[in-house]
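Here the structure is laid out as structure tokens; the discussion comes afterwards.
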Amino acid sequence: MGLWHPCPEDCDEFHDKIRGSTVKQRIYAKRSLIQPMVVLTTTFISGAKFRCHSIAAVNLLPVSAFPSPARALPRGPLLRQRISKVSLHSIAMATAQASEAAADEGLPLGMDGTMVDEYASQSKLLQEFVKIPSFGKAWIFNSKDENTSRAVVSISQSDLLGNKRRKFLLNSHISKSASKSVNFQWSPFPTEISGVSAVIPSPSGEKLLLVRNSEDDSPTKLEIWGPCQLENEIHIAKSVHGSLYTDEWFEGISWNKDETFIAYVAEEPPQPKPVFNDYGFNKEGSSEKDCKSWKGQGDWEETWGETYSKKRIPALFVVNISSGQVRPVKGIPRSLSVGQVIWAPSSSCGLVFVAWSSDNGFQETPRKLGIKYCYNRPCALYAAPDPFREETEKPSAEGNKGETTTMIKLTAHLSSAFFPRFSPDGKYLVFVSAKSAVDSGAHNATNSMHRIEWPTDGKLDGSLGIVDVVPIVMCPKDNCFPGLYCFGLLRDPWLTDGPTMILSSVWGSREVILSVNVVSCEVLRVSPQDSDYSWNVLALDKNNILAVSSSLITLPQIYYGIMVSQTESHWEWQEVSTPFPKPSDEISSILAEHKFSIIKIPISNPSDKLALGAKLPFEAMFVSHKDSASNPTIVVLHGGPHSVYPSSYSKSLAFLFSQGYNLLVVNYRGSLGFGEEALQSLPGNIGSQDVNDVLTALDFVIKRGLIDPSRVAVVGGSHGGFLTTHLIGQAPDTFVAAAARNPVCNLQLMVGTTDIPDWCFVEIYGKDGKKYFSESPSVDDLCQFHQKSPISHISKVKTPTLFLLGALDLRVPVSNGLQYARALKERGIESKTIVFPEDIHGIDKPQSDFESFLNIGVWFKKHMSK
């Protein structure tokens, strides 16, 4: 095929199509018009900058740039060889020379000398955002006077120098008047709780448990505090158990009703290791102080992956807070990992807990898969005897001889059960289930809620009936309840009527507070109906609610909801003044000058094969400042993919829009909060449906003149990074800059190294992925992984891209991002990579989080100011 020169008419046709088209149409138009071309690349040198121009990039070369007809054009490998040797080598040399020049000026490695002032100004502003404290948990304790109560709120603040979060407790006296007004009298100063892993008040509020986990071989400490003094300090040796789990997943720290015992989950004691000395293997073992021998490693054991790689199996224990005696709960096999323990109201089995099986591999072979963010791990509720009560009852009455003391599985016919809570009268055991996630294989999905009628005589025969309270919502009606998406429950979530529970959930792009009557099965929205803000419940004060509310442009604020009508479940919300200092004038001004809205985006070209719920509009949140059309825009993408970006305040996003950017935060189909059919439409279609949804949202705001289409960047982490790198390959002329945090770039590489290889199969094949999942993927599987990976589009990428990677990431190992970044450099595409050596998938250590978003801000400023 000879060389094809576009004539003026072709150029006019091409540019007319581009000017009046959508983003996706521009991509297809370029493909159709450019396809006949022989793609040539030349290099123009201007000072220290090297830029590639190609016909494929619509930078048409002048006729004089082509070789003369007398000289044959190189084709095939020879052409690629010349491009590689001339263009890419020159660019790589220029980049290296620029880096050396910066180093000669005394700048940090990789820092652009022209952006030094930008680093300084942005880091100062980011520190202002970092200083703002955030709310954690809260507890309210009632007094004899119905109109007064006490509140304790935990708050935290980043300590950049210490690279940790400092935690504080703030106390308040609550007084309520007959006119339904409420007054909070806060203590003047918070109390720092340094070195404390968990704070657990007793049900009455008369006692307080502080857990101090040690990071070395010293004992774990449990401190029991009374109103004015330390009542007991219990030291627990490592030979008894390791650190307590305080991660809010396996965590289960629970006071009994009489406040005499505490049940909890801790790491099992260390398993014996082989011992060697000068004579070889020592059969007798050795003491810790034996300096003439050493311990080997022994067999390697599976862990629960990301964040749990250094943790031993979670096991169940009970401590007598008076004597300090600790006893393990016996009869639980090591193949089960326990968590979320609570006390039963009346039963021969005094403890109820969740247990996860380690048989998660192919055809239920022994294999622990990553559990962080993964609700698709099968689990069940069990009951077991309190070891102290069991011991005292052993020699007593002969009537107990025939009764078993082994644990009982309470949810044998349900694939998932967690967050157990007993109703105040002890009649019902209520719990949440992620059976849809377990059965489909998606790492998260729409939850359901169920109840068990607890036997009044306390005798469990294993045949307890399970009743559905909140079913899975497949396709929500317009503005109606989209289903339950629950990430935790209060320790005491009940109103005084008995069967009504208060909890937080997700409703589209908002976090909301719900009331659930576990008997009538009625679900109502408690937080304001007309609010686009996000709301989360902190604690209950009898029938009143302490909550926190915020938005993308509004700092978190505490509210107190007073029940107006119990029959209609209506609350009036009052803002609560707090002693927190106001943010700086600069931050206050930035937040006040911005606005945000939640936009419904109709999907483009819905297929007849899609379920009805998958044809419904998805949502995007748009943050803007005054004349948005004149400002550059950042597209923000969440990970998962089955998670959601709520409308709540985010320090990181606030920092980005403070730089003068619009934000387009896209909750594409597959996100939580929109019903099960929309969520399940994504597995099997990643890299296409989610990519199209993002481009559709971008087209939506472009068509309405809300943004400048020539200045758009994109940022995302994990699956959001997967989308980011897909977008710069599939829509190479759309984004002027990109940033990816621990991105999924190559599923072929990821499947053999991640802690969740099943994720790769399910997201590629859909529900069939569960049966295809194997530790040894076939050639066909690997081909599918490559075709749906961003790296398959890397030859089209032109966008300068920043990579932020955690070296200890087990979810998306660092090799994924490094391979993609190196491939970009190989092709002469500008990129920058920062690896955080001590960080895992979230890159959430304060210093790493700070440096990560600072570099994102500077990177976008550099490339969107051109």
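Source: prediction; values computed, not measured.
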Side chains of [X] and [Y], heavy atoms from C-beta outward: is any pair under 4.5 Å?
| X | Y | answer |
| --- | --- | --- |
| Phe189 | Phe168 | no |
| Leu706 | Asn662 | no |
| Asn171 | Arg150 | no |
| Val666 | Phe618 | yes |
| Pro493 | Leu503 | no |
| Met563 | Asn544 | yes |
| Phe674 | Tyr485 | no |
| Ile224 | Leu230 | no |

Trp139 and Phe141 aromatic centres sub-6.0 Å = no
Check: Trp494 ring centre within less than 6.0 Å of Phe422 ring centre = no
With sequence neighbours left out, what residues match Lys372 under salt bridge (charged side-chain N to carboxylate O under 4.0 Å, His left out)?
-> none
Passing candidate, side-chain contact (heavy atoms from CB on, under 4.5 Å) with Leu514, options Leu524, Ile502, Leu484, Val526 | Leu484
Checking Tyr559, Tyr649, Phe596 against Tyr533 for side-chain contact (heavy atoms from CB on, under 4.5 Å), the one that qualifies is Phe596
Within the distance-only criterion (no hydrogens, no angle test), does the side chain of [X] pair as donor or acceptor with the backbone N or O of [Y] below 3.5 angstrom?
| X | Y | answer |
| --- | --- | --- |
| Ser551 | Ile553 | yes |
| Asn631 | His625 | yes |
| Ser172 | Ala151 | no |
| His443 | Tyr373 | yes |

What orientation do [X] and [Y] show, parallel under 30°, tilted 30 to 60°, or perpendicular over 60°?
| X | Y | value |
| --- | --- | --- |
| Tyr560 | Phe184 | perpendicular |
| Phe250 | Tyr308 | perpendicular |
| Phe418 | Tyr375 | tilted |
| Phe261 | Trp343 | tilted |

CA sep, side-chain torsions, deciding dist, call: Glu619, Arg510, side chain to side chain contact (heavy atoms under 4.5 Å, CB included) | CA-CA 10 Å; Glu619 291 181 350; Arg510 307 158 189 83; 4.0 Å; yes
Quick check: closest heavy atoms across [X] and [Y], and the distance to 0.1 Å?
| X | Y | value |
| --- | --- | --- |
| Glu146 | Lys176 | O-NZ, 3.7 Å |
| Tyr661 | Leu656 | CD1-O, 3.1 Å |
| Asp492 | Leu540 | O-CD1, 3.9 Å |
| Asp532 | Ser647 | O-OG, 2.8 Å |
| Ile140 | Ala539 | CG1-CB, 4.0 Å |
| Ala138 | Val153 | CB-CG2, 4.1 Å |

Lys861 charged N/C atom sitting above Tyr119 aromatic ring, 6.0 Å / 45° | no
Looking at [X], I want to see if its [atom1] is surrounded by more than 12 non-hydrogen atoms of other residues, nucleotides or ligands under 6.0 Å.
| X | atom1 | answer |
| --- | --- | --- |
| Lys167 | NZ | no |
| Lys221 | NZ | no |
| Asp117 | CG | no |
| Asp585 | CG | no |
| Lys595 | NZ | no |
| Glu575 | CD | yes |

Determine, for [X] against [Y], whether the closest basic-nitrogen to carboxylate-oxygen distance falls under 4.0 angstrom.
| X | Y | value |
| --- | --- | --- |
| Glu248 | Lys137 | yes |
| Lys131 | Glu586 | no |
| Asp849 | Lys651 | yes |

So, [X] and [Y]: side-chain donor and acceptor under 3.5 Å apart, yes or no?
| X | Y | result |
| --- | --- | --- |
| Glu511 | Asn536 | yes |
| Asp425 | Ser423 | yes |
| Arg741 | Ser852 | yes |
| Ser175 | Thr148 | no |
| Ser515 | Thr500 | no |
| Glu593 | Ser589 | yes |

To the nearest 0.5 Å, what is the distance between [atom1] ([X]) and [atom2] ([Y])?
| X | Y | atom1 | atom2 | result |
| --- | --- | --- | --- | --- |
| Ile707 | Ser624 | CD1 | OG | 11.0 Å |
| Asn667 | Leu637 | CG | CG | 9.5 Å |
| Leu489 | Met449 | CG | CE | 6.0 Å |
| Leu208 | Ile193 | CG | CD1 | 8.5 Å |
| Trp535 | Ser550 | CH2 | OG | 10.0 Å |
| Leu209 | Glu259 | CG | CD | 11.5 Å |

Leu653/Tyr645 under side chain to side chain contact (heavy atoms under 4.5 Å, CB included): CA gap, chis, key distance, verdict = CA-CA 11 Å; Leu653 297 189; Tyr645 245 129; 4.0 Å; yes
Could you please spell out the steps behind the side chain to side chain contact (heavy atoms under 4.5 Å, CB included) verdict for Gln659 and Glu118?
-> CA-CA 11 Å; Gln659 305 297 312; Glu118 196 64 40; 4.2 Å; yes
Glu251 and Lys311: salt bridge (Lys or Arg N to Asp or Glu O under 4.0 Å), yes or no, with the steps?
-> CA-CA 13 Å; Glu251 175 189 333; Lys311 304 285 283 186; over 6 Å; no
Derivation and outcome, side chain to side chain contact (heavy atoms under 4.5 Å, CB included), residues Phe580 and Trp186 | CA-CA 10 Å; Phe580 290 171; Trp186 297 94; over 6 Å; no
Tell me, with the steps shown, if Ser243 and Thr220 meet side chain to side chain donor-acceptor pair (under 3.5 Å).
-> CA-CA 6 Å; Ser243 296; Thr220 296; 4.6 Å; no
